[in-house]
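Just so you know, ligand 1 is whichever comes first in the structure, and atom 1 is the first atom listed for that ligand.
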Amino acid sequence: MIMKKKLLEIRDRALSELDSLKNLDALEKFRIDYLGKKGHITSLMKNLGNIAREERPVFGKLANDLKDEITGILEKVIAEFKGKEEGGDKIDITLPGKRPLRGYLHPVNQVNSEICRILVRMGYTIVKGPNVELDYYNFEALNFPKDHPARDMQDTFYVSQNVVLRTHTSPMQIRVMEKQRPPVSIIAPGKVYRSDSDVSHTPMFHQVEGLLVDKGVTFGDLKGTLTSFVHQMFGSDIKLRFRPSFFPFTEPSAEVDIQCVICRGKGCRTCSFSGWQEILGSGMVDPAVYGFVDYDPEIYSGFAFGLGIERITMLKYGIDDIQLLFRNDMRFLKQF
Ligand code: DAH
């Protein structure tokens with residue numbers, strides 16, 4: 001039945017054309033092409049007289065069904081297009097808008113800025129240096145001789161035999177003193193690396209180093225500076241203590257503890273029931289270090305200190321897992 005084949009051809013063509021139409025004008029042209037007075041379907045129906053009498057009712061019904069089918073699809077497509085063009089059904093313009101998240105500083109960067117602001121106000125200048133550091137600056141010139149047991153204190157990432165990812169910001173002491181004669185008063189914030197990972201360690205973390213060298217600098221200056229720093233950082237009612245310690249590049253050395261900010265010294269889990277928490281290392285620059293930078297220890301003296309920014313952030317906000325700071329979970333971060 002040739003006519004039936006023709007109808008099916010028209011149907012295929014119509015459906016694939018409908019798929020490719022992109023606007024209301026194209027749809028109107030399509031309507032005229034297929035359904036109009038001189039359209040493909042109408043013309044075919046006009047040929048009814050040319051086919052065998054007994055086939056006419058069957059063909060007539062097929063043609064009418066096709067006309068209805070295409071009219072139906074066309075109406076739906078037109079309605080969709082109108083919806084889109086008018087911003088109709090698809091978008092409910094009465095709904096409240098979605099507020100984009102506002103960016104702000106990560107808590108570690110906030111605390112870093114606060115530490116630097118306090119120290120800059122005291123007269124320190126910010127310096128920056130390489131994260132990939134020579135063994136010489138990271139250890140040697142800081143009085144860690146090769147094979148000195150103190151090197152075991154650090155789980156170092158070695159890049160090559162003489163190159164490491166710096167394990168602390170202390171190498172900046174040497175880099176600055178090498179270039180500059182006293183008086184020197186610098187702080188060096190930045191990233192440091194150690195092969196270590198648990199609730200209180202991450203392989204990368206941040207430190208701020210401080211160094212002051214001049215004529216007549218005493219341990220009293222060190223105590224005064226760090227006491228004032230702690231009071232500005234944690235509140236002027238917080239108690240601190242200087243506990244004897246050892247670092248190869250300072251002599252004498254002291255670690256500074258503050259009264260536990262969680263229990264205020266009573267003793268709790270966070271401070272292992274001691275009432276105190278360690279916040280930094282410090283000491284008077286060891287005369288051996290001056291030997292590496294050609295300063296005369298008979299004329300100059302000074303102090304240095306180094307603190308961990310994540311550690312201070314955790315103490316300040318009572319965070320018990322350092323990994324939280326690096327997981328980038330907005331539910332955690334947006335609290336700061
Ligand atoms: N660099 C030491 C560390 O990472 C911290 C430190 C201790 C820095 C004493 C100092 C200092 O400047 O005097 O463990």
Show every donor-acceptor pair shorter than 3.5 Å between a side-chain atom in residues 94-103 and any protein atom, with sequence neighbours excluded, or say none if there are none.
| unit_1 | atom_1 | unit_2 | atom_2 | d |
| --- | --- | --- | --- | --- |
| Thr94 | OG1 | Asp92 | OD1 | 2.6 |
| Thr94 | OG1 | Asp92 | OD2 | 3.4 |

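- Within the 4.0 Å heavy-atom criterion, both parts of Ala304, backbone and side chain, lie near ligand 1.
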| task | Walk me through it: do Gln335 and Ile319 pass the test side chain to side chain contact (heavy atoms under 4.5 Å, CB included)? | result | CA-CA 12 Å; Gln335 301 175 70; Ile319 300 165; over 6 Å; no
Under 3.5 Å, side-chain donor or acceptor atoms of residues 123-133 against the rest of the protein: list the pairs with distances, not counting sequence neighbours.
| unit_1 | atom_1 | unit_2 | atom_2 | d |
| --- | --- | --- | --- | --- |
| Asn131 | OD1 | Arg166 | NH2 | 3.4 |
| Asn131 | ND2 | Tyr193 | OH | 2.8 |
| Glu133 | OE1 | Arg175 | NE | 3.4 |
| Glu133 | OE1 | Arg175 | NH2 | 2.7 |
| Glu133 | OE2 | Arg175 | NE | 2.9 |

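- Considering backbone and side-chain N/O atoms, Phe305 comes within less than 3.5 Å of an N/O atom of ligand 1.
- Every atom of ligand 1 is numbered from 1 in the order shown, and the set under 4.0 Å from a heavy atom of Ser170 is 1 (N), 8 (C).
- Residue-ligand proximity, Gly306 to ligand 1, at heavy-atom distances under 4.0 Å covers atoms 8 (C), 10 (C), 12 (O).
- Close approach of ligand 1 to Gly283 is summarised as follows: ligand atoms under 4.0 Å from at least one heavy atom of the residue are 13 (O).
- Residues Leu226 and Phe303 fail the side-chain proximity criterion, which asks for heavy atoms closer than 4.5 Å.
- Which parts of ligand 1 touch Phe247 is read off a 4.0 Å heavy-atom cut-off, strictly below it: atoms 7 (C), 9 (C).
- In this structure, the side chain of Thr156 does not engage the main chain of Tyr158 through any donor-acceptor pair within 3.5 Å.
- Between Tyr317 and Phe336, the gap from one ring centroid to the other is short of 6.0 Å.
- Ring geometry for Phe139 versus His168: interplanar angle of 30 to 60°, hence tilted.
- Of all the atoms in ligand 1, the ones that sit under 4.0 Å from a non-hydrogen atom of Thr250 are 13 (O).
- With distances taken over non-hydrogen atoms, the option nearest atom 4 (O) of ligand 1 out of Arg194, Gln173, Glu209 is Arg194.
- Heavy atoms of Phe303 found under 4.0 angstrom from ligand 1: none, in either backbone or side chain.
- Considering backbone and side-chain N/O of Thr167, none are found under 3.5 Å from N/O of ligand 1.
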